[in-house]
Amino acid sequence: MILHNDQYYHDMLNNYMESDIKTCKYNYYQHNINFYHYIKDIMSSIKTKYDLSNDNYIPVMNYLNDRLNDTIREIEYYNQHVMIRN
């Protein structure tokens with residue numbers, strides 16, 4: 001079984017984002033929560049299915065980890081700056 005490249009996951013995440021944001025009725029906070037879980041599930045699945053000791057997997061996992069960290073920052077920003085004002 002061969003792991004897809006990072007472009008594959010980029011497209012996959014973007015497709016998810018497009019559909020999820022509409023499903024959430026443009027509630028970006030809920031979308032970020034959903035997206036966080038979606039990325040975590042993908043990463044968990046990859047870790048289960050593949051031997052990550054191969055260096056070829058590093059770019060994919062780095063890419064997913066970067067997207068996850070960006071999403072966490074979005075959630076934290078909302079929690080610290082937006083929720084306080086509501």
Side-chain angles (χ1 to χ4, degrees):
M1 185 178 272
I2 298 173
L3 181 66
H4 297 284
N5 64 17
D6 51 343
Q7 183 63 47
Y8 170 85
Y9 289 100
H10 171 79
D11 294 342
M12 189 171 147
L13 294 179
N14 282 346
N15 289 337
Y16 176 83
M17 288 177 67
E18 286 178 17
S19 69
D20 185 64
I21 195 69
K22 291 175 186 173
T23 302
C24 292
K25 298 181 181 174
Y26 299 92
N27 178 333
Y28 290 95
Y29 181 73
Q30 183 60 55
H31 165 68
N32 282 326
I33 299 293
N34 295 348
F35 194 54
Y36 167 84
H37 290 288
Y38 184 68
I39 297 170
K40 291 290 282 186
D41 289 345
I42 291 171
M43 292 176 76
S44 177
S45 175
I46 289 171
K47 289 176 184 177
T48 302
K49 292 179 184 176
Y50 302 99
D51 174 18
L52 297 182
S53 63
N54 183 336
D55 289 343
N56 294 332
Y57 301 140
I58 292 173
V60 169
M61 293 306 288
N62 284 345
Y63 171 73
L64 291 171
N65 197 45
D66 287 346
R67 294 294 299 262
L68 182 66
N69 288 332
D70 290 344
T71 305
I72 290 169
R73 278 191 291 278
E74 290 285 329
I75 293 168
E76 287 174 350
Y77 178 86
Y78 184 90
N79 287 339
Q80 292 173 3
H81 299 284
V82 177
M83 286 184 77
I84 291 172
R85 293 183 179 161
N86 289 336

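Since this is a predicted model, take the numbers as computed values, not measurements. Position 1 is the first residue of the sequence; numbering continues from there.
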* **Side-chain donor-acceptor contact under 3.5 Å, Tyr63 with Arg67** => yes
* Met12-Tyr50 co-clustered via ILVMFWY side chain contacts under 4.5 Å -> yes
* Asked: Does a donor on one side chain sit under 3.5 Å from an acceptor on the other, for Glu18 and Asn14?
  -> no
* Does Tyr77 share a hydrophobic cluster with Leu68, counting links as ILVMFWY side-chain heavy atoms below 4.5 Å and allowing steps through other members? -> yes
* To do: Please report the C-alpha distance between Asn79 and Tyr29 in whole Å, then the side-chain angles of each, then the deciding distance to 0.1 Å, and finally whether the side-chain hydrogen bond (donor to acceptor under 3.5 Å, both in side chains) criterion is met.
  => CA-CA 9 Å; Asn79 287 339; Tyr29 181 73; 3.1 Å; yes
* **Stepwise side-chain contact (heavy atoms from CB on, under 4.5 Å) check, Ile72 with Asn69** => CA-CA 5 Å; Ile72 290 169; Asn69 288 332; 4.2 Å; yes
* Asn34 side chain near Tyr16 side chain, heavy-atom distance below 4.5 Å -> yes
* With a 3.5 Å cut-off and no angle check, do the side chains of His4 and Tyr9 form a donor-acceptor pair? -> no
* Asked: Between CG of Leu64 and NZ of Lys47, what distance do you get to the nearest 0.5 Å?
  -> 9.5 Å
Taking distance alone, no hydrogens or angles, what donor-acceptor pairs closer than 3.5 Å link side-chain atoms of residues 35-46 to residues at least two apart or in another chain?
none

* Structure fact -> Rounded to the nearest 0.5 angstrom, the CZ-CD distance for Arg73 and Gln80 is 12.5 Å
* **From His10 atom NE2 to Asp6 atom CG, the distance as rounded to the nearest 0.5 Å** => 9.5 Å
* Without swapping roles, check the side chain of Asn65 against the backbone of Met61 for a donor-acceptor pair under 3.5 Å. => no
* For Asn32 and Tyr28, indicate whether the former's side chain and the latter's backbone hold a donor-acceptor pair under 3.5 Å. => yes
* Structure fact -> Nearest heavy-atom approach of Cys24 to Gln30 is SG-CG, 3.9 Å
